[in-house]
Amino acid sequence: MKYDLMSVKKILFIGNQNKILSDINHLAFFYNFELFYKKTSSYNIADLNTNNYDCIIIDINTINNTLLTELQDKIATTTIKIIIIHHKNDAQRITLSKV
């Protein structure tokens, strides 16, 4: 049943790490979900169609505060799930508030 549910999911990965993309791509094959990929360096939040994705996975080490804030504003009224991953010991400080 879990595999049937996952087969209709569309997941977007925003990041620049090929190793992470490879790992998520392996999971996409195993669980049969559709994976989309955008590099943070060339990604424009205006292009994000919130109706197209069930989940967005963000590599927190490759995204800046501005892009993260724009993403938060874009999906604020949707039911998209956000997964934030971290892969280094030196985490950058991310601020979501608009203070």
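We use all heavy atoms of the structure for the numbers below, so side chains are in, but hydrogens, waters and symmetry mates are not.
Here Ile58 contributes atom CD1 and Ile14 contributes atom CD1; the two are 5.5 Å apart, rounded to the nearest 0.5 Å. Rounded to the nearest 0.5 Å, atoms NZ (Lys74) and CG (Leu67) are 12.5 Å apart.
Here the closest heavy-atom approach between residue Phe33 and residue Ile24 is recorded as CZ-O, 4.0 Å. Here the shortest heavy-atom pairing between Asp59 and Asn16 reads OD2-N, 4.3 Å. Of all heavy-atom pairs spanning Ile83 and Cys55, the tightest one is CD1-SG, 3.6 Å. Considering every non-hydrogen atom in both Thr62 and Gly15, the closest pair reads OG1-CA, 3.4 Å. Of all non-hydrogen atoms in Thr78 and Ile75, the two that sit nearest each other are OG1-O, 2.8 Å. Between Asn61 and Ile85, the shortest heavy-atom contact is OD1-O, 4.3 Å.
Residues Leu12 and Lys38 meet the side-chain proximity criterion, which asks for heavy atoms closer than 4.5 Å. Counting heavy atoms from C-beta on, the side chains of Asp54 and Ile11 never come closer than 4.5 Å.
Between Tyr53 and Phe36, the angle of the ring planes goes over 60°, which puts this pair in the perpendicular group of the 30/60° scheme.
At distances below 3.5 Å, at least one donor-acceptor pair connects side-chain atoms of Thr69 with backbone N or O atoms of Asn65.
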